[in-house]
Novice: 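Please read through the structure below; I'll follow up with questions.
Position 1 is the first residue of the sequence, and the numbers go up from there.
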Amino acid sequence: MRYLSIITILSLSILASCAKNNAKLPPQVLYELPESTKPTPASSQERFAVRLELAKHYIGIKQYELALKSLDEILKEDDSNTEALHLKAITLMGLQDYPEADKFFKQALAKNKNPDILNNYGWFLCKQNNIQGLDYLSQVEPYANAILYPKILANEAVCHMYQKNYKKAIELLQKSLELNPDYVPANIYVAYIYAKQNNVLDAESMINRIGLTNVSDPELLWLAINIFKLSGNAISVKLWGNKLVSEFPNSQEVIKYHRNLVEQ
């Protein structure tokens, strides 16, 4: 009992001493970190940069709803962010919400008429069979570099192709392929025009050279499927159709594909 009492007394003395020392400290020292060690919140530009990269990643893997979420977070804070407006237009294209895509392209262009936005809006209009797309694409040409120029030529060709001006379309596509022989859209558009001109063997040969794994656009997959249908290649129709259905289940091209299967 004597030892227990000594220990108890010592413990109480230590606690009293600690309390006495703490009482002398200013209250904020007990609860707050020094300013130099406090974490600083990321700036809005840093947050936007991260979200833009996320959106680009999601667009690249066709996760358009997730891309929209990242972009809307930016636009909620800054509704004039040009890159977010541009990427949202591209995302809405992927979702095939064309009226909304058109609206956001126009908003982005109102902020900044840079070559990428002009090129993509021109391409968007050409895919809608709107010849005005050529006006936007022509504005890009003076600023085009070696990477962008083959795309501009192919996009201009799309306008002429949908207007059934195949001669002009082929001329532009051949120029595009001279600059970049592996540019997938240009190859498929040439193949499609060949098929429309009853040169089905050359058309199928071009599609096979590109290869299924290198095509990741519903419109291009649908054009290739039509070429294989014309050549009577049922196996390739099924292979390319399976990719179209699995990667773009909600696309208009899948609706056309299923309708065509029923009609057969």
Novice: Has the side chain of N187 got a donor or acceptor atom that lies under 3.5 Å from a matching backbone atom of P181?
Specialist: yes
Novice: May I ask you to test the N120-N155 pair for a side-chain heavy-atom distance under 4.5 Å?
Specialist: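 No, every pair of side-chain atoms sits at 4.5 Å or beyond.
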Novice: Could you give all pairs that pass the disulfide (SG to SG under 2.5 Å) test and reach residues 63-170, with sequence neighbours left out?
Specialist: C126-C159
Novice: May I ask you to decide if Q252's main-chain N or O and Q96's side chain share a donor-acceptor pair within less than 3.5 Å?
Specialist: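 Indeed, once roles are kept as given, a pair shorter than 3.5 Å links the two residues.
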Novice: Does S80 form a side-chain hydrogen bond (donor to acceptor under 3.5 Å, both in side chains) with D78? I'd like the steps, not just the answer.
Specialist: CA-CA 5 Å; S80 64; D78 178 11; 2.9 Å; yes
Novice: Would V140 and Y149 show up in the same hydrophobic cluster when neighbours are defined by side-chain heavy atoms closer than 4.5 Å?
Specialist: yes
Novice: Looking only at the side chains, is there a donor atom on one of D202 and N199 sitting less than 3.5 Å from an acceptor on the other?
Specialist: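 Short answer, yes.
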Novice: So, S205 side chain and L201 main chain: donor-acceptor pair closer than 3.5 Å or not?
Specialist: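 The answer is no, because no donor-acceptor pair under 3.5 Å joins these two groups.
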Novice: Are there more than 12 heavy atoms of other residues, nucleotides or ligands under 6.0 Å from atom OH of Y192?
Specialist: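 Result for OH/Y192: open.
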Novice: Do L134 and I131 come within less than 4.5 Å of each other through their side chains, counting heavy atoms only?
Specialist: yes
Novice: Identify whether Y166 and Y194 are in the same connected component of the hydrophobic contact network (ILVMFWY, side-chain heavy atoms under 4.5 Å).
Specialist: yes
Novice: With the threshold set at 4.0 Å, does a side-chain nitrogen-carboxylate oxygen contact exist between R47 and E73?
Specialist: no
Novice: Is the backbone of N233 close enough, under 3.5 Å, to the side chain of S236 for a donor and an acceptor to pair up by distance?
Specialist: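 Side chain of S236 to backbone of N233: no pair is present.
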Novice: State whether the number of non-hydrogen atoms from other residues, nucleotides or ligands found under 6.0 Å of K196 atom NZ is greater than 12.
Specialist: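 No.
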Novice: So that I know where these two stand, are Y58 and Y64 an aromatic pair - ring centroids less than 6.0 Å apart?
Specialist: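 Ring-ring flag for Y58/Y64: false, centres at least 6.0 Å apart.
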Novice: Could you go through N180 and K151, starting from their C-alpha distance and side-chain angles, then the distance that decides it, and tell me whether this counts as side-chain hydrogen bond (donor to acceptor under 3.5 Å, both in side chains)?
Specialist: CA-CA 9 Å; N180 183 358; K151 296 179 181 180; over 6 Å; no
Novice: Is the backbone N or O of I210 less than 3.5 Å from a side-chain atom of N214, with the two atoms forming a donor-acceptor pair by type?
Specialist: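 Such a contact is found between N214 side chain and I210 backbone.
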Novice: Under 30°, 30 to 60°, or over 60°: which ring-plane class applies to W222 and Y257, parallel, tilted or perpendicular?
Specialist: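 Perpendicular, since the angle between the ring planes exceeds 60°.
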Novice: List for me each residue that meets ring pair (Phe, Tyr, Trp, His ring centres under 6.0 Å) alongside Y136, sequence neighbours excluded, and say none if there are none.
Specialist: Y121
Novice: With a 3.5 Å distance limit and no angle check, can you tell me whether K243 reaches the backbone of V215 through a side-chain donor-acceptor pair?
Specialist: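 Yes: the side chain of K243 pairs with the backbone of V215.
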Novice: For the backbone of L87 and the side chain of T91, can you confirm whether one donor and one acceptor N or O come within less than 3.5 Å of each other?
Specialist: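 Checking the backbone N and O of L87 against the side chain of T91, a donor-acceptor pair under 3.5 Å is found.
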Novice: Can you confirm whether N208 sits close enough to F228 that some side-chain heavy atom of one is under 4.5 Å from a side-chain heavy atom of the other?
Specialist: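 Yes, their side chains come closer than 4.5 Å.
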Novice: Take atom CD in Q132; do more than 12 heavy atoms of anything else shown fall under 6.0 Å from it?
Specialist: no
Novice: Using a 3.5 Å distance criterion without hydrogens, assess whether the side chain of D102 forms a donor-acceptor pair with backbone atoms of Y98.
Specialist: no
Novice: Can you see whether N81 engages K111 through a side-chain donor-acceptor pair at a distance of less than 3.5 angstrom?
Specialist: no
